[in-house]
Chemist: 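Structure below; questions to follow.
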Amino acid sequence: MSNIRFEALKTAWAHQPQQVPATLRASVIFSQNVFTREKMKEYIASNIVEELFDLMDNEKTLSRDIANSVAIGMKKWAMEQGATHYTHWFQPLTGGTAEKHDAFFDFDDKGAPMEKFSGSVLYQQEPDASSFPNGGIRNTFEARGYSAWDPSSPAFVIGDRLCIPTIFVAYTGEALDYKTPLLRSITAVGKAATAVANYFDKNVKRVYTYLGTEQEFFLVDEALYNARPDLMMTGRTLMGHYASKSQQLDDHYLGTIPERVLAFMTELEQEALKLGIPIKTRHNEVAPNQFELAPIYEEANLSSDHNQLLMSLMEQVAHHHQFRVLFHEKPFGGVNGSGKHCNWSLGTNTGVNLLAPGKNPYHNLQFVTFLVNVLKAVHRHNGLLKASIASATNAHRLGGHEAPPAIISVFLGTQINEALDQIEHADVDKGIIINAKKEMKLGVGNIPEILLDNTDRNRTSPFAFTGNRFEFRAVGSSANCGAAVLALNAVVAEQLNRFREEVDALIAKGEAKERALFTVIKRCLHDCRDIRFDGNGYSEAWQQEAKKRGLDTETSVPLMIDQYLKTESVQMFGSTGVLNHAELLARSEVKWENYSMKLQIESRVLGDLVINHVIPAAKRYQTILLQNVLSVKQVFSADEATGLNEQDLLLIRRIENHASAIVARVEEMNKERARANHIDDQRARAITFHDQLVPLMEEIRNHVDDLEMVIDDQLWPLPKYRELLFIH
Ligand code: ADP
Ligand code: MG
């Protein structure tokens with residue numbers, strides 16, 4: 001299938017300027033498999049469709065009557081697309097997506113077989129999902145978790161099933177997924193931002209959160225993947241000496257995409273487009289075999305769903321091309337890791353991007369208002385934002401001298417920094433000048449329009465302003481981006497609410513609106529100076545400097561997670577209605593548990609690999625060398641033999657040293673793991689894994705990687721980096 005399609009495209013290319021056939025044209029196939037608004041109009045009664053659109057646009061609740069009518073139309077459409085089953089599609093805290101398929105098949109009142117899909121099953125289901133992580137919110141005897149339709153994300157058909165995006169909540173109402181709090185955060189920041197935007201324009205009725213993801217990933221050949229138990233079980237190589245040629249020539253970055261990879265991407269893009277994912281950009285990344293895909297940004301809930309969908313699609317399509325996709329943040333030591341840059345902005349129903357500099361001073365005051373509020377929010381909750389992206393896997397990437405450091409700071413670029421400095425130090429009385437025509441001027445240098453095309457790039461920053469949006473770069477490639485975006489939305493919502501209270505208080509005292517805004521902006525700028533950093537985030541000096549500034553410099557993931565339960569975080573999430581205390585407790589538990597489980601698995605796989613693969617290979621090579629030494633002794637005189645055997649004896653000892661060190665460390669590691677496994681408290685267990693297991697695992701790896709360099713290539717039992725990393 002896949003290759004036929006790719007062949008068709010290639011034929012089209014070969015016969016240029018002949019057109020790309022319609023079946024391959026993006027504009028034709030886009031959303032082909034999605035129950036879009038146009039299709040809703042076609043398949044659902046017109047009075048119902050209007051009500052449905054109204055509730056979709058205005059965050060209203062769905063009535064059962066509407067659900068029933070919608071279900072009838074949705075089933076008809078889905079069956080025409082070949083669907084025989086339906087499933088609620090949700091995003092539990094495992095990080096992936098979950099589905100439980102039910103057939104449309106049923107019996108009618110008279111016992112005759114039929115296809116049935118009612119409003120009640122569209123609306124709500126109770127998947128037997130007691131095994132998903134819930135951090136203690138649901139005990140298994142009260143295992144009910146409900147999935148409920150999210151009408152703001154359209155249903156779609158994949159293969160033989162109709163997928164209905166849903167939230168996943170406990171019987172008692174607590175969120176058990178990423179989508180529920182993401183939706184709450186979108187509402188919270190939307191309301192808070194609308195109120196602030198109303199200082200500038202009363203016509204603003206709604207503010208949307210926009211998200212554009214850049215998904216990085218590695219591809220490896222499936223056969224080689226299957227020969228690496230560590231890749232199969234943990235998603236990364238637990239050992240492997242770097243290849244002589246890696247990324248030092250930067251010859252992979254933006255290079256020609258290998259044909260086999262292009263075939264994969266072409267099929268992937270087609271399938272993604274059909275599902276309404278607006279794929280736009282594809283390119284080679286820095287590391288060999290590393291690539292990136294970026295769809296056009298969308299409303300954040302949809303964009304986040306699309307990212308999840310894209311990831312599962314990538315895994316599926318990769319199989320057709322004998323590839324495996326690696327979403328792990330650091331599948332290969334010594335080679336760049338993968339992130340998922342989250343480009344985030346706020347936009348109004350009037351079509352204004354609140355984070356884009358404008359053409360006039362009034363618009364720019366609005367821009368500065370929102371910019372400064374984001375800075376203030378990120379400053380106040382920098383530790384929490386880091387916790388939102390912290391995981392066992394992302395830990396390998398952060399602070400790795402090629403990725404954002406484990407400190408959250410904001411890069412703004414020279415021009416914005418200069419403008420903000422001027423504003424901070426401007427005299428309020430002279431700062432705002434309103435002329436006779438009631439036009440306002442900022443008494444500071446205008447924010448230049450060229451900014452948009454001219455933002456400096458700083459790849460070392462975890463959170464960078466890029467002209468009309470912020471780019472949260474510290475998010476891990478395997479993460480559900482909802483976790484980071486909901487935290488960002490929530491902190492900004494809280495800050496915008498505080499900002500409005502402060503401005504309103506000044507206005508209530510009789511101050512003019514612009515002056516009040518200016519005063520509070522200046523205060524915010526003064527308070528959050530320390531979050532601004534344009535220098536080299538990789539440098540040692542920055543670690544010291546950040547500590548002095550009071551930014552969170554914690555490097556242990558289990559301790560980063562503590563941020564969720566800090567008083568400021570609990571208050572912030574509570575006041576914005578995004579997560580309550582019980583949910584925060586549960587999420588922290590899940591994060592700690594997830595951390596420990598990942599390390600438990602890695603440590604087991606490492607132990608097995610080393611004892612069953614590496615040590616036997618080392619011993620075999622040692623035996624060959626020993627036999628050689630003996631043979632030399634038999635053939636040559638004692639004096640001659642001593643000289644001839646010198647190198648081999650050195651090598652034998654070297655192998656022995658590594659091998660015995662490995663065996664000793666593995667024993668130690670197994671003991672520590674057994675001890676950790678018996679710790680009931682999730683936090684304490686995660687800390688033990690971090691403090692005790694990780695250093696041992698690193699030590700073992702170093703010995704193994706040294707062995708890889710000296711042992712006969714023919715005896716080495718695992719595919720090496722040079723084989724894994726270069727697709728031809
Ligand atoms: P780069 O690699 O230079 O950062 P890309 O073009 O690869 O840029 O990706 C940029 C991403 O940012 C895309 O997903 C794009 O749609 C998204 N984006 C652009 N403008 C906005 C915006 N205003 N809000 C959110 N995302 C945006
Ligand atoms: Mg980018």
Side-chain angles (χ1 to χ4, degrees), residues 26 30 182 185-186 189-190 193 197 206-217 250 252-255 257 265 268-269 272-273 276-287 290-311 314 336-358 363 366-367 370-371 374 402-404 410-413 416 449 451-475 477 479 481-482 484-486 488-489 492:
F30 185 66
L182 176 63
S185 77
I186 288 170
V189 77
R206 232 177 128 172
V207 171
Y208 302 92
T209 311
Y210 291 109
L211 172 66
T213 56
E214 296 165 63
Q215 178 70 54
E216 293 178 338
F217 59 97
D250 281 332
H252 189 258
Y253 187 56
L254 303 188
I257 301 176
M265 291 220 189
L268 176 68
E269 282 175 343
L273 287 166
I277 306 171
I279 288 280
K280 172 88 174 163
T281 309
R282 61 182 187 204
H283 62 77
N284 284 11
E285 258 305 326
V286 173
Q290 194 189 25
F291 306 91
E292 177 184 305
L293 279 180
I296 297 171
Y297 69 96
E298 301 174 278
E299 190 276 308
N301 176 42
L302 191 59
S303 176
S304 170
D305 279 2
H306 279 166
N307 180 253
Q308 287 294 307
L309 193 51
L310 184 66
M311 288 169 78
M314 285 165 82
N336 268 18
S338 301
K340 172 157 30 215
H341 296 178
C342 288
N343 293 269
W344 175 93
S345 67
L346 297 170
T348 66
N349 61 310
T350 55
V352 173
N353 176 350
L354 295 168
L355 291 172
H363 188 149
Q366 171 170 290
F367 159 65
F370 280 91
L371 186 77
V374 175
E402 30 81 4
V410 184
F411 169 88
L412 290 174
I416 295 277
E449 274 176 51
L451 190 79
L452 246 179
D453 317 309
N454 199 24
T455 43
D456 317 353
R457 289 287 180 161
N458 181 333
R459 293 281 164 201
T460 72
S461 177
F463 197 88
F465 182 69
T466 50
N468 61 356
R469 60 187 186 268
F470 279 97
E471 189 173 339
F472 197 176
R473 298 204 187 109
V475 184
S477 48
C481 51
V485 175
L486 76 89
L488 179 56
N489 283 345
V492 172

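In listed order, ligands and their atoms are each counted from 1. One is the number of the first residue; the rest follow in order along the sequence. Being a predicted model, the structure only gives us computed values, none of them experimental.
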Chemist: Which of the atoms in ligand 1, numbered in the order shown and given with their element, are less than 4.0 Å from a heavy-atom of Ile296?
Modeler: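 Near Ile296, meaning under 4.0 Å from one of its heavy atoms, ligand 1 has 16 (O).
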
Chemist: Are Phe463 and Phe470 close enough that their ring centers fall under 6.0 Å?
Modeler: yes

Chemist: Minimum heavy-atom separation for Met311 to Ser477, with atom names?
Modeler: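 Result for this residue pair: CE-O, 3.6 Å.
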
Chemist: Look only at interatomic distance and state if Thr281 has a nitrogen or oxygen under 3.5 Å from any nitrogen or oxygen of ligand 1.
Modeler: no

Chemist: Which ligand 1 atoms does Ser345 reach within 4.0 Å, using its non-hydrogen atoms?
Modeler: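 The atoms of ligand 1 under 4.0 Å from a heavy atom of Ser345 are 22 (C), 23 (N), 24 (N), 25 (C).
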
Chemist: Minimum distance, heavy atoms only, to atom 10 (C) of ligand 1: which one of Arg469, Arg473, Glu471, His283 is it?
Modeler: Arg469

Chemist: With no hydrogens and no angle check, just 3.5 Å: does a side-chain donor-acceptor pair link Glu292 and Thr281?
Modeler: no

Chemist: Considering only heavy atoms, does Pro295 approach ligand 1 within less than 4.0 Å through its side chain, its backbone, both, or neither?
Modeler: backbone

Chemist: How does Leu355 reach ligand 1, by side chain, by backbone, by both or by neither, if only non-hydrogen atoms under 4.0 Å count?
Modeler: neither

Chemist: Nearest to atom 9 (O) of ligand 1 by heavy atom, Arg282, Lys280, His341, Glu214: which?
Modeler: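 It is Glu214 that holds the nearest heavy atom.
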
Chemist: Considering only heavy atoms of Glu292, which atoms of ligand 1 have at least one such atom less than 4.0 Å away?
Modeler: 7 (O)

Chemist: Are Asn343 and Glu214 close enough, and set up right, to give a side-chain hydrogen bond (donor to acceptor under 3.5 Å, both in side chains), and what steps lead you there?
Modeler: CA-CA 8 Å; Asn343 293 269; Glu214 296 165 63; 2.8 Å; yes

Chemist: List for me each residue that meets side-chain hydrogen bond (donor to acceptor under 3.5 Å, both in side chains) alongside Thr350, sequence neighbours excluded, and say none if there are none.
Modeler: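 Once residues adjacent in sequence are excluded, the partners of Thr350 under the side-chain hydrogen bond (donor to acceptor under 3.5 Å, both in side chains) criterion are Thr348.
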
Chemist: Between Lys340 and Glu216, does a salt bridge (Lys or Arg N to Asp or Glu O under 4.0 Å) hold up when you go through it step by step?
Modeler: CA-CA 6 Å; Lys340 172 157 30 215; Glu216 293 178 338; over 6 Å; no

Chemist: Can you list the atoms of ligand 1 that are under 4.0 Å from a heavy atom of Asn353?
Modeler: 23 (N)

Chemist: Compare all side-chain heavy atoms of Val410 with those of Val374 and state whether any distance is below 4.5 angstrom.
Modeler: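 SC-SC contact between Val410 and Val374 ruled out.
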
Chemist: Identify, by atom number and element, the atoms of ligand 1 in contact range of Gly212, meaning under 4.0 Å from any of its heavy atoms.
Modeler: 14 (O), 26 (N)

